[in-house]
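Remember, it's a predicted structure, so these values are computed and weren't measured experimentally. Whatever order the structure lists ligands and atoms in, that order sets their numbers, starting from 1.
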Amino acid sequence: MLSAVPRPVIVRAPSKVNLHLAVGDLRDDGYHELTSVYQALSLHDDVEVRDSDELSVAVQGESARVVPTDRRNLVWQAAELLAERAGRDPRVAISIAKGIPVAGGMAGGSADAAAALVALDELWQLGLDRADLDEFAARLGSDVPFSLRGGTAIGTGRGEKLLPVLSRNSFHWVLALAKGGLRTPDVFRELDRLRSEGEPPRLGAADELMHALAVGDPHQLAPLLGNDLQPAALSLKPELRRTLRAGTAAGALAGIVSGSGPTCAFLCADADAAVAVGAELAGAGVCRTVRTAHGPVPGARVIDDKTER
Ligand SMILES: C[C@](O)(CO)[C@H](O)COP(=O)(O)OP(=O)(O)OC[C@H]1O[C@@H](n2ccc(N)nc2=O)[C@H](O)[C@@H]1O
Ligand SMILES: Nc1ncnc2c1ncn2[C@@H]1O[C@H](COP(=O)(O)OP(=O)(O)OP(=O)(O)O)[C@@H](O)[C@H]1O
């Protein structure tokens with residue numbers, strides 16, 4: 001059965017940074033209780049879906065060669081989930097244009113999974129409501145519901161229970177992409193090990209940070225950024241300490257490891273400052289490459305063509 005929409009569908013999905021990531025105790029199900037303030041950033045992936053005679057995944061762009069193109073890819077899993085719900089075969093060709101660093105701590109796979117859900121809902125005209133999409137997203141991964149929603153939000157549970165957070169103005173970031181990645185489970189496991197040997201710092205409440213977001217002042221927000229996974233990421237990749245120091249030396253207001261890392265995210269005073277910090281960081285020999293980005297931006301959404309800004 002051909003889909004109701006003859007043309008391919010392209011969806012853009014944002015990356016994310018955790019402005020506040022408080023990691024609680026390990027739960028019986030193997031996940032940690034989280035309180036995280038997410039912000040969606042303009043660094044993005046685009047996912048195109050089109051009818052085909054079988055399910056296939058192709059990846060181009062950022063570190064494409066290390067991204068699986070079989071059922072290990074989250075978009076493959078998203079297609080199978082929706083096809084089962086629709087009672088049809090997932091005969092689609094999915095093409096991913098990656099801009100989000102792979103295994104970088106910016107929810108790259110999660111962004112693609114969210115994009116695939118939105119794209120296939122459109123291609124197959126399933127008319128899924130927000131609750132349906134959220135449920136499928138949570139099944140695909142803890143960060144996928146936020147990749148669907150975008151903006152700025154506070155997540156609890158595994159990170160999948162979201163409430164919107166008021167964030168005024170745009171915040172400008174420089175992202176230092178690292179050589180190699182970090183596996184998220186390894187970083188959480190390392191945090192548990194560090195906590196079994198001592199007391200790495202634990203973040204408090206996010207109230208002050210959320211007030212700074214509502215005010216929209218990066219100078220007020222900068223000192224409030226925090227990530228309980230940072231000591232674990234630094235333990236696994238000590239060279240990130242140099243990256244963090246170089247970013248603030250280059251003029252960033254603050255720098256943190258993004259999620260489970262190894263990408264380091266630097267908050268800058270404004271767009272011009274971000275360009276200057278990015279240029280200096282690119283030449284400092286402390287990362288593979290740099291990107292500039294702004295947030296908050298919307299979640300996964302259909303775009304007309306890839307050139308759309
Ligand atoms: C680090 C963050 O990116 C912060 O937003 C997320 O917590 C991780 O989100 P994610 O990569 O979508 O995580 P999932 O794919 O759901 O889980 C991957 C693995 O990360 C660990 N994990 C993830 C989320 C969580 N709240 N506690 C965990 O301990 C678990 O070992 C899990 O098996
Ligand atoms: N569409 C995808 N894009 C990137 N990686 C994918 C994708 N599907 C599956 N993967 C696998 O997931 C692993 C983690 O990649 P991902 O980019 O999601 O990490 P991440 O950005 O650190 O995620 P998070 O921030 O949610 O922890 C990769 O090493 C890759 O093997």
Enumerate, atom names and distances included, each donor-acceptor pair closer than 3.5 Å involving a side-chain atom of residues 224-242, sequence neighbours excluded.
unit_1: N227; atom_1: OD1; unit_2: L229; atom_2: N; d: 2.8
unit_1: N227; atom_1: ND2; unit_2: V257; atom_2: O; d: 2.9
unit_1: N227; atom_1: ND2; unit_2: G259; atom_2: O; d: 2.9
unit_1: D228; atom_1: OD1; unit_2: L203; atom_2: N; d: 2.9
unit_1: D228; atom_1: OD2; unit_2: V23; atom_2: N; d: 3.0
unit_1: Q230; atom_1: OE1; unit_2: V257; atom_2: N; d: 2.9
unit_1: S235; atom_1: OG; unit_2: E190; atom_2: OE2; d: 2.5
unit_1: K237; atom_1: NZ; unit_2: K179; atom_2: O; d: 3.0

Please tabulate, for the side chains in residues 104-115, all donor-acceptor contacts under 3.5 angstrom to protein atoms that are two or more places apart in sequence or on a different chain.
unit_1: D112; atom_1: OD2; unit_2: K98; atom_2: NZ; d: 2.8

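Contact between G159 and ligand 1 is absent, with no heavy atom of the residue lying under 4.0 Å from the ligand. Proximity of G30 to ligand 1 is established by a heavy-atom distance of less than 4.0 Å. Under a 4.0 angstrom heavy-atom cut-off, K16 registers as being in contact with ligand 1. The closest approach between a heavy atom of S260 and any atom of ligand 2 is below 4.0 Å.
Within ligand 2, counting atoms from 1 as listed, the ones closer than 4.0 Å to a heavy atom of L74 are 8 (N), 9 (C). For ligand 2, the atoms closer than 4.0 angstrom to any heavy atom of D112 are 1 (N), 2 (C), 3 (N). Every atom of ligand 2 is numbered from 1 in the order shown, and the set under 4.0 Å from a heavy atom of S110 is 26 (O). For ligand 1, the atoms lying closer than 4.0 Å to a non-hydrogen atom of G141 are 12 (O), 16 (O). Proximity to G104 (heavy-atom distance under 4.0 Å) selects the following atoms of ligand 2: 20 (P), 21 (O), 22 (O). The contact set between ligand 2 and M106, taken as ligand atoms under 4.0 Å from a residue heavy atom, comprises 21 (O), 25 (O). In summary, the atoms of ligand 2 found under 4.0 Å from a heavy atom of D143, numbered by their order in the structure, are 24 (P), 25 (O), 26 (O). When each atom of ligand 2 is checked for a heavy atom of R72 under 4.0 Å away, the hits are 9 (C). Atoms of ligand 2 found under 4.0 Å from any heavy atom of K16 (numbered from 1 in listed order, with element): 25 (O).
Distances from atom 30 (C) of ligand 2 to the protein include at least one heavy-atom value under 4.0 Å. Contact annotation for atom 2 (C) of ligand 1: protein present (non-hydrogen atoms, distance under 4.0 Å). By the definition of a contact as any protein heavy atom under 4.0 Å away, atom 15 (O) of ligand 2 is in contact.
For atom 18 (O) of ligand 2, the nearest non-hydrogen atom from the set G109, A103, A107 belongs to G109. Checking M106, R27, H32 against atom 26 (N) of ligand 1, the nearest heavy atom belongs to H32.
With a 4.0 Å heavy-atom cut-off, ligand 2 is reached by the backbone of N73 and by its side chain too. When non-hydrogen atoms are compared, ligand 1 lies under 4.0 Å from the side chain of F188 (C-beta onward) but not from its backbone. With a heavy-atom cut-off of 4.0 Å, S258 does not touch ligand 2 at all.
The N/O atoms of D143, backbone and side chain alike, include one that comes under 3.5 Å of an N/O atom in ligand 1. Of the N or O atoms in S260, none lie within a sub-3.5 Å distance of an N or O in ligand 1.
Distance CD1/I100 to CZ/R291: 11.5 Å, rounded to 0.5 Å.
Counting heavy-atom neighbours within 6.0 Å of E208 CD, excluding the residue itself, gives a total of 12 or less.
In this structure, I256 and L21 have side chains that are not in contact, with every pair of non-hydrogen atoms separated by 4.5 Å or more.
One side chain, S260 or T184, offers a donor N or O that lies under 3.5 Å from an acceptor on the other. With no hydrogens or angles considered, no side-chain donor-acceptor pair links E160 and S142 at under 3.5 Å.
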